[in-house]
Number of protein chains: 2
Amino acid sequence: MAPDPRKKTTIYDLSQLSGASPSTVSAVLNGSWRKRRIKESTAEEIQRLAEEHQYSTNRQASGLRRSRSGLIGLLLPIYDFHHFSSIAQSFELRARRRGLCPIVVSTHRDPAEERASAEHLISYSIDALFVCGAADPDGVHEVCEAAGVRHINLDLSGTRAPSVVSDNYDGGRVLTEALIDAFPADAPLTVDELMLIGGREDEATRARVRAFHDVRSTRFGRSDADAVDLTGYSARNAKLAFERHYQARGRLPRAVFINSAINFEGFLRFLTDHRGDDYSGHVIGCFDYVPFASFLSFPVIMIRQDAESMVATAFDILDRPSEAPVVHLIPPQLVPPRTALTGPLDEIHSPGDDLRDRSL
Amino acid sequence: MAPDPRKKTTIYDLSQLSGASPSTVSAVLNGSWRKRRIKESTAEEIQRLAEEHQYSTNRQASGLRRSRSGLIGLLLPIYDFHHFSSIAQSFELRARRRGLCPIVVSTHRDPAEERASAEHLISYSIDALFVCGAADPDGVHEVCEAAGVRHINLDLSGTRAPSVVSDNYDGGRVLTEALIDAFPADAPLTVDELMLIGGREDEATRARVRAFHDVRSTRFGRSDADAVDLTGYSARNAKLAFERHYQARGRLPRAVFINSAINFEGFLRFLTDHRGDDYSGHVIGCFDYVPFASFLSFPVIMIRQDAESMVATAFDILDRPSEAPVVHLIPPQLVPPRTALTGPLDEIHSPGDDLRDRSL
DNA sequence: TTATGTTGCGCAATCGATGGTGCAGGGACT
DNA sequence: AGTCCCTGCACCATCGATTGCGCAACATAA
C-alpha cells in the first residue's frame, strides 16, 4: 500500500499495479495514448495510480531513448552583472514556460571555456543552446554543429548561426538625439560640449560610435574623432578619462554619452572626487540601465537593452525551422531622466512582500 | 575515417575500432580501469581513439545507469536581485569546480512552485539541491526526502534539513555599533536619533531588530519599540515611512538602520524629493550591499552578506555524511563608508576588459 | 603434476522509457 | 462463410553506459 520509501515508482510498477503493459503505461503518461488508441478508461485508471504513487518520469531514461533531454543551455560571460542577469532571468522564465529546464553557465569570455562548457552541456543532450556575449561564438558554433544542437547567439553576433542583438546603432542614435534635445533652446548644446566616453573596439561600441557621429554631424554640421574616448570597459579608466577631460577644459562637457554601466561607475567615482562642483546644466547619457542613476542631481538618460525581447526572439527562432545566420536587431528602450526608480511593479504588490520590485 | 557527421560516437564505436569490448572501453573512459585490471597499453590506445573521434560520454545513459546525473540544483526566489544573483554566481562557480552542472530555477517565494520545481529537478536525478530563501523549506524537504535527494537550505533556515544563513544578529549588532561609533565625540548620537526602518516579521529581521535593541540598550541604557518601523520589503512603503518620520520631527533621525536594499531604494526616492536638504551630520546604515550608495554625500555603512562563504559552507556540508538539521551562521561583512565603489578587481584586469569588475 | 593465484578482459543483465510492429477479437459487409 | 477494417493493447528491440561475475591463459608454489 504505502509506496516504497526512497525508491521511485516506475512505469513497471504501474504496469504491475494496473495490469497493463509498460508500453501502455508509458503512452498514457507521456500523452501519446490517444495516438496509440488506448481506451479512455484504461488511461484514467493508470493516471489515477500514477498520482496515487507519486509517479514522475525518469527524464534520464526518457531522454536517453528520445535523445532529447528537456534541458536548454545558456552560456553567459558573467552572472553578476545587471544586463546579463536580466538575460538569465528572462531565459529562465521562458525556458520554464516551455517546460524546459534552464542551465546557465558562465564562461568569463574565455574561448576555451566557452567550447568546453558547450561540450559539457551537449553531453547532457541539451535541446538547444543560447550563446550570450561569447568571445568566440563561431568556435561554439562548431561544437554545436558537430553535435547537431540548435544554437543562437545572443548579444554578440556570430557569422555561423542566427544572432539576436541589441540595435546598437539605433540605441546610439536615440541616446545622442535625446542628449542634444535635453538642452533648452536658450542654452543649446554646442558640438564640442558633446562627448562619448567608454567602450572599446567591438561590434557594439562601433555601432554606437557611428550613430553618435552621424547624429552629431546631422545636428551640428560636423563631428570630429576626438569627441570619442574609448577607455575600455573599465571603471578606473573611465574615471581617469573624466579626470582628463575635466582638467583639459576646467569642467566637464555638458553632455556625455557614457558607453556602459561599468564606465558609468567610473563617472561616479569621478563625481565623488568632485563633490563640491555644480552640475546643473549637465546631462548624462548612459548606454545601459543603472537604476540608481536616477538619484543624481542632474538628468541621466539611459538606454535599457531589452533583454526580455531578445530572449523572446531567440526562442521564436527555435520554433521556426532552422534558418540562415541572420542577425536580428532588437531596439533598446530609452529611459527618460528620473524614471528608473519607480517601477510599474510598485503598484501590484502586497505591502508585505515585493521582492519582484527589483531594486538594483 | 571521418567520424560520422552529426552522430555522436559511443563506446560501441570505440569498441569496434579498438577490438576491445564495450565494457572495457567504458572502464577506460570513466577511470575505473585500474580497478578492473585493464592493461595500461590497452587503456592508452582506447583513450587515443576516444580523443581522435571526439568521444564524449552520454550523460543521460551514464546517469540512468548510476542513478546520478552530475546535475545540482538551486532554488532561488528571484534572480535579478543583487544578493540572490551573488548566490547564484557563487553556486555556479563552485558547482562547476566540482564537475557538477548547475541548474538554477527561480520560484518566486511560492510554496507550490517551490515543490513543483524541486520535483522537476529531481526527475533529472539531480545529485543535490540547494534551497535558497524558500517560502516553505520544509515542504521542499519532504519532496527531497521522498526521493532521497540531499538538500540544504540557504539564506532562510528550515527545521528539517541543514541550513546556512547569514548571522543576522551579529550583522545587526555590528551595523548598529558602527552607526553609533560613526559620530564624533563632540556630537555624539543620542538614543532617539537612531532608528531602524524596513523589513517585516521574518526570521532575519527579528534577529536584526533584536541586535539593534540590544546594542541600543547597552550603549544608551534603554531602547524603546517605536525606534523600529517595519515597512515590509517595499520601496514605496519605506519611502512613506521616511516621509513620516521626517514630518514628525522636522528632519530625519541622524542615524538610520535601513533593513534591505529594497528599503534603501525607498530612502533614495525620499531623497530625490528632498534634494535641497542638508544631510551633513547624518549617517545611514544599510543591511545589504548597494554599491552606488557609496556615492551619496553622507556616509553609508553597509553590511554585505557573504554569499561566497554561505555557498562554500553548503558545499562543505554535502561532503560530510548527512547531518542533523543544524543551522550554520555565516557572519556578514561590514562595508565601511565610501569603499563600495572601488573593488579589489580594479587592479587585476587588463584595461581592455574588466567585465569582472562588477559595477552593480 | 596438481593446486592456487594473478592478470586481463568479455558476457550479459540492468537502469526506465519509448515506439514500431503485430496480433487478437469483434463488427460490418458481400 | 469469407474478407476487410477497426479497436485496444502487448511484445520487444533500443537508447549508451555500467558493473557483477566468470573465465581463459599464464605464472608460481607445493
Side-chain angles (χ1 to χ4, degrees), chain A residues 4 6-47 50 53-71 122-127 147-148, chain B residues 4 6-47 50 53-70 122-125 127 147-148:
Chain A
D4 235 25
R6 196 55 46 98
K7 195 78 189 90
K8 303 228 65 176
T9 81
T10 71
I11 54 169
Y12 298 97
D13 302 331
L14 296 179
S15 159
Q16 291 269 308
L17 291 164
S18 67
S21 76
S23 61
T24 298
V25 174
S26 170
V28 167
L29 295 172
N30 69 29
S32 69
W33 56 281
R34 285 179 199 287
K35 206 168 50 199
R36 289 179 84 82
R37 295 188 318 228
I38 308 293
K39 226 195 311 179
E40 185 112 18
S41 63
T42 310
E44 277 167 3
E45 169 64 3
I46 290 176
Q47 280 158 344
H53 292 264
Q54 309 211 50
Y55 171 83
S56 86
T57 112
N58 180 325
R59 299 198 187 236
Q60 307 226 54
S62 168
L64 173 58
R65 186 59 231 265
R66 313 169 57 160
S67 61
R68 312 186 312 102
S69 62
L71 299 169
I122 287 170
S123 75
Y124 283 102
S125 311
I126 49 168
D127 298 343
Chain B
D4 235 24
R6 195 57 44 100
K7 196 79 191 88
K8 304 228 65 176
T9 80
T10 70
I11 53 169
Y12 298 97
D13 302 331
L14 296 179
S15 159
Q16 292 269 306
L17 290 164
S18 66
S21 75
S23 60
T24 299
V25 175
S26 169
V28 167
L29 294 172
N30 70 27
S32 68
W33 56 280
R34 285 180 198 287
K35 206 168 49 197
R36 288 179 86 81
R37 297 187 317 228
I38 308 294
K39 227 194 314 179
E40 185 113 19
S41 63
T42 310
E44 278 167 3
E45 170 63 5
I46 290 176
Q47 279 157 346
H53 291 264
Q54 309 210 54
Y55 171 84
S56 85
T57 112
N58 180 323
R59 295 192 192 242
Q60 306 224 57
S62 168
L64 172 59
R65 186 58 232 263
R66 311 170 59 158
S67 60
R68 313 187 309 104
S69 63
I122 287 170
S123 75
Y124 283 102
S125 312
D127 298 343

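All values reported here derive from a predicted model rather than from experimental measurement. Residue numbers start from 1 in every chain, and the chains themselves are labelled A, B, ... in the order their sequence lines are given, proteins ahead of strands.
Counting non-hydrogen atoms under 4.0 angstrom, T57(A) reaches the backbone sugars and phosphates but no base. Counting any heavy atom pair closer than 4.0 Å across all strands shown, R36(A) reaches a base atom. R66(B) comes within contact range of the sugar-phosphate backbone alone, with a heavy-atom separation under 4.0 Å but no base atom that close. Among the atoms of the strands shown, none is found under 4.0 Å from any heavy atom of A27(B). Across all strands, S67(A) comes closer than 4.0 Å to no nucleic acid atom at all (heavy-atom distances).
In this structure, of dG8(D), dA17(C), dA17(D), it is dA17(C) that holds the atom nearest to the side chain of N58(A). Checking dG10(C), dT7(C), dC9(D) against every side-chain atom of K39(A), the shortest atom distance belongs to dC9(D). Relative to the side chain of A20(B), the nucleotides dT18(D), dG10(C), dA10(D) differ in distance, and dG10(C) lies closest. Closest to the side chain of T42(B), from the set dG10(C), dT18(D), dC9(C), is dC9(C). If you check dC9(D), dA17(D), dA17(C) against the side chain of I11(A), the one that comes closest is dA17(C). Comparing dT18(D), dG16(C), dC9(D) against the side chain of N30(B) picks out dT18(D) as the nearest.
Taking OG1 of T9(A) as the reference point, atom CG of L17(A) lies at 8.5 Å (rounded to 0.5 Å). Between the CG atom of L71(A) and the CD1 atom of I122(A) there is a distance of 12.5 Å, given to the nearest 0.5 Å. Rounding to the nearest 0.5 Å places OG1 of T42(B) at 8.5 Å from CD of E45(B).
The backbone N or O of S69(B) sits less than 3.5 Å from a side-chain atom of Y124(A), completing a donor-acceptor pair.
In this structure, E40(B) atom CD and dC9(C) atom P are separated by 11 Å, rounded to whole Å. Between K8(A) atom NZ and dT14(C) atom P the separation is 22 Å, expressed in whole Å. Nucleotide dT7(D) holds its P atom 14 Å from the CZ atom of R34(A), rounded to whole Å. Going from atom OH of Y124(A) over to atom P of dA17(D) covers 14 Å, rounded to whole Å. Distance, Y55(A) OH to dG16(C) C1': 7 Å, rounded to whole Å. Atom CZ in R59(B) sits about 18 Å away from atom C1' in dC15(C), given to the nearest Å. A straight line from CD1 of I38(B) to C1' of dT7(C) spans 10 Å, rounded to a whole angstrom. Whole-Å rounding puts the L64(B) CG to dA17(C) C1' distance at 9 Å.
Applying the 4.0 Å criterion to OP1 and OP2 of dC11(D), one finds that S21(A) has every side-chain N and O outside that range. For S62(B) and dG16(D), the shortest distance from a side-chain N or O to OP1 or OP2 is not below 4.0 Å. For dA17(D), neither phosphate oxygen OP1 nor OP2 lies less than 4.0 angstrom from any side-chain nitrogen or oxygen of S26(B).
Counting only heavy atoms from C-beta outward, the side chains of E40(A) and R34(A) approach each other to under 4.5 Å. Residues L64(B) and N58(A) form a side-chain contact, since some pair of their non-hydrogen atoms from C-beta on lies under 4.5 Å apart.
Map Y12(B) and R37(B) each onto its nearest nucleotide of DNA chain C; the residue landing nearer the 5' end is R37(B).
Remark: the S23(A) side chain and the dC11(D) base include a donor-acceptor N/O pair separated by less than 3.5 Å.
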